[in-house]
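So that the names make sense, note that chain A is the first sequence line, chain B the second, and so on, each numbered from 1. These values consider heavy atoms only, across backbone and side chains, with no hydrogens, waters or symmetry-generated copies. Everything quoted here is computed from the prediction, not taken from an experiment.
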Protein chains: 2
Amino acid sequence: MGTMKTKYHHGDLEEALLAAGIREARSTGTRNLGVNSLAKEVNVSAMAVYRHFSSGEVLRASISQQAREELARRMIKAIAAEKDVKNRFRATGRTYIQFALKEPGLFAVAFVACDEGPKREDNPSAWMVFQDSILDLCNAGLIEPAEVEDVAAFAWAAVHGYAILAGGSDPKRPKSNEKTISQLLDRVWAGIINGRELNK
Amino acid sequence: MGTMKTKYHHGDLEEALLAAGIREARSTGTRNLGVNSLAKEVNVSAMAVYRHFSSGEVLRASISQQAREELARRMIKAIAAEKDVKNRFRATGRTYIQFALKEPGLFAVAFVACDEGPKREDNPSAWMVFQDSILDLCNAGLIEPAEVEDVAAFAWAAVHGYAILAGGSDPKRPKSNEKTISQLLDRVWAGIINGRELNK
DNA sequence: CATTAATGTTTATACTGTCAACATGGGAAC
DNA sequence: GTTCCCATGTTGACAGTATAAACATTAATG
């Protein structure tokens with residue numbers, strides 16, 4: 001809480017490491033999330049990290065999860081401000097994309113390949129938020145229950161893909177102004193509503 | 001050109017390193033693309049690598065580019081087999097997705113963040129192939145010239161996003177059977193054709 | 001043929017992740 | 001309160017990584 005003097009025992013090293021990781025992710029993405037680097041950031045020896053995380057990979061996976069949960073929290077907050085089902089869906093996608101654009105470091109860390117560990121469920125999870133907004137559409141009668149899974153996959157894919165491409169550094173990346181994003185969400189919407197009918 | 005004995009000079013180390021990198025990428029993704037590891041693979045000292053690539057990052061960027069070009073080549077080949085504009089578009093997306101599913105290692109290496117180096121243009125480039133197939137739609141009168149850029153971004157985003165999600169290791173990843181992919185492309189198509197009209 | 005430039009090797013330095021052994025001190029048992 | 005233990009920290013060692021500097025070899029060129 002207050003200014004921690006140089007005590008032998010840190011107090012809450014686990015939390016501090018995750019916080020330092022998120023801070024570093026924000027500013028430099030995936031580059032400086034090494035064990036030594038983060039340990040130094042928290043004024044602790046590198047080996048202290050292993051009392052809380054079984055490996056550097058596991059530490060990074062936890063930081064990654066924190067980043068994903070932060071994204072999900074922002075999505076939930078944005079959805080709460082909308083009443084119309086369509087606007088709720090659009091808010092979901094818009095928030096996801098804006099997160100990638102405004103917090104490129106966090107977004108990169110959130111979705112790096114991390115194939116290890118016990119794989120606890122994210123809480124909250126962006127995927128769940130997406131699926132819930134599609135279930136809303138179903139409850140409103142806009143799509144069939146049988147379509148929910150495919151529609152959610154489509155919407156998630158389009159939004160996630162755009163977020164990656166627009167937030168990347170490729171000179172050929174798509175434009176990312178408000179209008180472009182809005183039109184993208186219109187097209188996703190069209191795919192959601194009209195997709196099945198076109199499917200012969 | 002025949003079987004190179006253990007000569008002091010390798011012959012074509014640059015090519016050999018890229019080939020070894022692609023081979024390694026195919027089997028283990030981004031994990032074993034280090035300078036030492038690849039040098040050993042080609043029976044050469046680690047420092048020899050630096051005669052051809054100014055750093056390990058640059059070497060990895062070159063391997064990544066090779067992977068992207070391989071993808072583009074497969075797309076071009078698949079398109080050549082189709083005559084109808086719609087089918088050509090679908091072949092573009094389907095090939096992209098199937099590449100991600102059948103060659104997860106190559107796909108991962110192709111699209112890791114690599115922000116360095118002179119950034120030569122990919123040749124051929126998947127992005128160009130995508131854009132060409134959208135231009136086809138424009139020439140066929142299916143979309144307006146002014147829409148081309150946005151439509152290409154949408155289509156690319158949806159396909160790329162799905163490829164990443166379906167090819168990943170998340171237990172919640174979307175299904176990836178033929179039917180699901182086909183329906184996804186139907187929805188993308190719907191977004192392309194109907195997107196603008198819905199946009200008020 | 002002799003020199004040179006291209007290409008490879010060895011050696012050394014600085015980092016990284018992680019194991020093993022040791023140190024500290026906060027809280028439980030007496 | 002005192003004692004002991006163990007969760008949590010430390011240091012040191014070792015393997016692995018990237019890469020700089022100096023040296024070696026051979027292909028090419030005048």
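Regarding A/Arg51, its CZ atom lies at a distance of 13 Å from the P atom of C/dA21, rounded to whole Å. If you measure from atom CG of B/Asp12 to atom C1' of C/dT7, you get 12 Å, rounded to the nearest angstrom. In this structure, CD of A/Glu41 is placed 17 Å from C1' of C/dT16, rounded to the nearest angstrom. When rounded to the nearest whole Å, the span between CE of B/Met47 and P of C/dT10 equals 12 Å. Following rounding to the nearest Å, B/Phe53 (CZ) and D/dT19 (P) show an atom-to-atom distance of 13 Å. Atom pair A/Glu57:CD and C/dT16:P shows a separation of 16 Å (rounding to whole Å applied). Following rounding to the nearest Å, B/Leu13 (CG) and D/dT26 (P) show an atom-to-atom distance of 16 Å.
Both A/Val42 and A/Val49 sit in one connected hydrophobic cluster of ILVMFWY residues. Membership requires side-chain heavy atoms under 4.5 Å apart, directly or through other members.
Between B/Phe111 and B/His160, the ring center distance clears the sub-6.0 Å criterion. Here the two rings, on A/Tyr162 and B/Phe154, have centers that are 6.0 Å apart or farther.
Counting only N and O atoms by type, the side chains of B/Glu70 and B/Gln66 include no donor and acceptor under 3.5 Å apart. Judged purely by distance below 3.5 Å, without hydrogens or angles, the side chains of A/Arg68 and A/Ser64 pair a donor atom with an acceptor atom. For the residue pair B/Asn177 and B/Thr180, a side-chain donor N or O sits within less than 3.5 Å of a side-chain acceptor on the partner.
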Please tabulate, one pair per line, each protein N/O and nucleotide N/O from nucleotides 16-18 of chain D that are separated by under 3.5 Å, including the distance.
residue, atom, partner, partner atom, Å
D/dA18, OP1, B/Val35, N, 2.9
D/dA18, OP2, B/Val35, N, 3.3
D/dA18, OP2, B/Asn36, N, 3.0
D/dA18, OP2, B/Asn36, OD1, 3.1

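Distances shorter than 4.0 Å separate some side-chain N or O of A/His52 from OP1 or OP2 on D/dG9.
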